[in-house]
Undergrad: 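Structure incoming, see below.
Computed from heavy atoms alone, side chains included, the values below leave out hydrogens, waters and symmetry copies.
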Amino acid sequence: MRIIIQRSKESSVSVEGEVIGSIDKGLVLLVGFHDDDTQEDLDYAVRKVVNMRLFSDDEGRMNLSLKDIKGAILSVSQFTLYANTKKGNRPSFMAAAQPDYAEQLYHQFNEKLKEENVPVETGSFGAMMDVSIQNDGPVTIILDTKDR
């Protein structure tokens with residue numbers, strides 16, 4: 001499982017011109033899955049995302065978590081995080097999880113985030129989406145559950 005985590009001032013996702021999810025201060029998660037991802041990967045990712053100290057305290061140090069600031073999450077599925085660009089100029093996405101399995105994991109991941117009492121907005125799995133991110137900082141972190 002790979003997640004691009006971006007600290008955000010405000011962000012939204014639209015499908016066919018209609019906003020289907022939006023947040024104010026919080027994190028945007030671009031989430032990709034691999035066929036060998038498990039519940040253990042989901043649990044690890046949830047724990048890291050909600051507790052990672054990415055927000056500034058009163059002294060300007062990144063000491064506060066999403067939970068500390070009562071922020072929200074905008075979660076967007078993105079199979080392209082598993083692109084293989086080694087051969088030729090057209091990326092291969094063979095390493096990405098099969099759509100049915102990835103969709104199942106995506107929904108489970110978002111439910112587990114909600115169980116942490118964090119507001120979660122989502123994109124639409126498999127849809128062509130327009131994502132607007134006002135990156136704060138900018139702060140961008142790459143989390144790979146296989147790289148612990």
Undergrad: Give every residue pair that meets the salt bridge (charged side-chain N to carboxylate O under 4.0 Å, His left out) criterion with at least one member in residues 88-106, sequence neighbours excluded.
TA: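 Counting only pairs at least two positions apart or across chains, no salt bridge (charged side-chain N to carboxylate O under 4.0 Å, His left out) contact touches residues 88-106.
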Undergrad: Just grab all the salt bridge (charged side-chain N to carboxylate O under 4.0 Å, His left out) pairs involving residues 61-83, residues at least two apart or on different chains.
TA: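 Listed once each, the pairs are Glu59-Arg61, Lys67-Glu116.
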Undergrad: For Ile73 and Glu121, what are the C-alpha separation, side-chain angles and deciding distance, and is it a side chain to side chain contact (heavy atoms under 4.5 Å, CB included)?
TA: CA-CA 6 Å; Ile73 288 174; Glu121 294 280 322; over 6 Å; no
Undergrad: Going by salt bridge (Lys or Arg N to Asp or Glu O under 4.0 Å), name the residues that satisfy it together with Asp144, two or more places apart in sequence or in a different chain.
TA: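 Only Arg2 meet the salt bridge (Lys or Arg N to Asp or Glu O under 4.0 Å) criterion with Asp144.
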Undergrad: Would you say the side chains of Ser8 and Asn135 form a donor-acceptor pair under 3.5 Å?
TA: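 Ser8 vs Asn135: no donor-acceptor pair found between side chains.
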Undergrad: Going by the rule side-chain contact (heavy atoms from CB on, under 4.5 Å), which residues pair with Gln104 if we only count those two or more places apart in sequence or in a different chain?
TA: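 Checked Gln104 against side-chain contact (heavy atoms from CB on, under 4.5 Å); matches are Tyr101, Gln108.
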Undergrad: Contact between Leu42 and Thr145 at the side-chain level, heavy atoms closer than 4.5 Å - yes or no?
TA: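 Side chain of Leu42 against side chain of Thr145, heavy atoms only: no contact under 4.5 Å found.
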Undergrad: Just wondering, more than 12 heavy atoms not from Asp36 lying within 6.0 Å of its CG?
TA: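 More than 12 within 6.0 Å, yes.
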Undergrad: Let me see the working for Gln6 and Leu27 under side chain to side chain contact (heavy atoms under 4.5 Å, CB included), right down to the final yes or no.
TA: CA-CA 6 Å; Gln6 295 188 316; Leu27 298 173; over 6 Å; no
Undergrad: In chain order, what residues pass the salt bridge (Lys or Arg N to Asp or Glu O under 4.0 Å) check against Glu10, with sequence neighbours excluded?
TA: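 Residues passing salt bridge (Lys or Arg N to Asp or Glu O under 4.0 Å) with Glu10: none at all.
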Undergrad: With sequence neighbours left out, write down each residue that passes salt bridge (Lys or Arg N to Asp or Glu O under 4.0 Å) with Asp41, or none if nothing qualifies.
TA: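 Only Lys146, Arg148 meet the salt bridge (Lys or Arg N to Asp or Glu O under 4.0 Å) criterion with Asp41.
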Undergrad: Can you measure from CD (Gln134) to OG (Ser12) and round to the nearest 0.5 angstrom?
TA: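 Atom-to-atom, Gln134:CD and Ser12:OG are 10.5 Å apart.
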Undergrad: Can you list the other members of the hydrophobic cluster that holds Phe79, where links are side-chain heavy atoms under 4.5 angstrom apart?
TA: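 Listed partners: Phe93.
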Undergrad: Would Ile5 and Leu143 satisfy side chain to side chain contact (heavy atoms under 4.5 Å, CB included), going step by step from the backbone distance to the final call?
TA: CA-CA 7 Å; Ile5 303 168; Leu143 176 66; 4.1 Å; yes
Undergrad: Measuring from Leu54:CG to Arg7:CZ, what's the distance to the nearest 0.5 Å?
TA: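 Output value for this atom pair is 7.5 Å.
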Undergrad: Taking Phe33's backbone N and O only, do any of them form a donor-acceptor pair with Asp37's side chain (distance below 3.5 Å, no angle check)?
TA: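 Checking the backbone N and O of Phe33 against the side chain of Asp37, no donor-acceptor pair under 3.5 Å is found.
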Undergrad: With rounding to the nearest 0.5 angstrom, report the NZ to CZ distance, Lys112 to Arg47.
TA: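 Between Lys112 NZ and Arg47 CZ, I get 10.5 Å after rounding to 0.5 Å.
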Undergrad: Enumerate the residue pairs fulfilling ring pair (Phe, Tyr, Trp, His ring centres under 6.0 Å) with a member in residues 37-56, sequence neighbours excluded, ordered by first and then second residue.
TA: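 Checked against ring pair (Phe, Tyr, Trp, His ring centres under 6.0 Å) - neighbours excluded - no pair reaches residues 37-56.
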Undergrad: What is the distance from atom OG of Ser56 to atom CG of Asn63, rounded to the nearest 0.5 Å?
TA: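 Reported to 0.5 Å precision, the distance equals 8.5 Å.
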Undergrad: Would you call Glu111-Lys114 a salt bridge at under 4.0 Å N-O?
TA: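 So Glu111 pairs with Lys114 through a salt bridge.
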Undergrad: May I have all residue pairs that pass side chain to side chain donor-acceptor pair (under 3.5 Å) and include part of residues 72-85, sequence neighbours excluded?
TA: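 Non-adjacent pairs meeting side chain to side chain donor-acceptor pair (under 3.5 Å): Ser75-Asn110, Gln78-Thr80.
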Undergrad: Which class fits the ring pair Phe125 and His107: parallel under 30°, tilted 30 to 60°, perpendicular over 60°?
TA: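 Tilted, since the angle between the ring planes falls between 30° and 60°.
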Undergrad: Quick check for you: to the nearest 0.5 Å, what is the distance between Met1 atom CE and Tyr106 atom OH?
TA: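 Taking CE in Met1 and OH in Tyr106, the distance rounds to 10.5 Å.
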Undergrad: Once side chain to side chain donor-acceptor pair (under 3.5 Å) is applied, do any residues pair with Asp130, and if so which ones, sequence neighbours excluded?
TA: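 By the side chain to side chain donor-acceptor pair (under 3.5 Å) rule, Asp130 matches no residue at all.
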Undergrad: Could you give all pairs that pass the side chain to side chain donor-acceptor pair (under 3.5 Å) test and reach residues 16-26, with sequence neighbours left out?
TA: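 Side chain to side chain donor-acceptor pair (under 3.5 Å) check on residues 16-26 returns no pairs.
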Undergrad: Please go through Val131's hydrophobic cluster and name the other residues, only I, L, V, M, F, W, Y counting, with side-chain heavy atoms under 4.5 Å joining them.
TA: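 Joined to Val131, directly or through intermediates: Ile4, Val13, Val15, Ile20, Ile23, Val28, Leu30, Leu74, Val76, Leu81, Met129, Ile133, Ile142.
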Undergrad: Taking C-beta and beyond as the side chain, do Ile141 and Met52 meet within less than 4.5 Å on heavy atoms?
TA: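 Heavy-atom side-chain distance check passes, below 4.5 Å.
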Undergrad: Answer yes if Val19 and Val120 sit in the same cluster of Ile, Leu, Val, Met, Phe, Trp and Tyr residues linked by side chain heavy atoms under 4.5 Å apart, and no otherwise.
TA: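 No; Val120 is not reachable from Val19 via cluster members.
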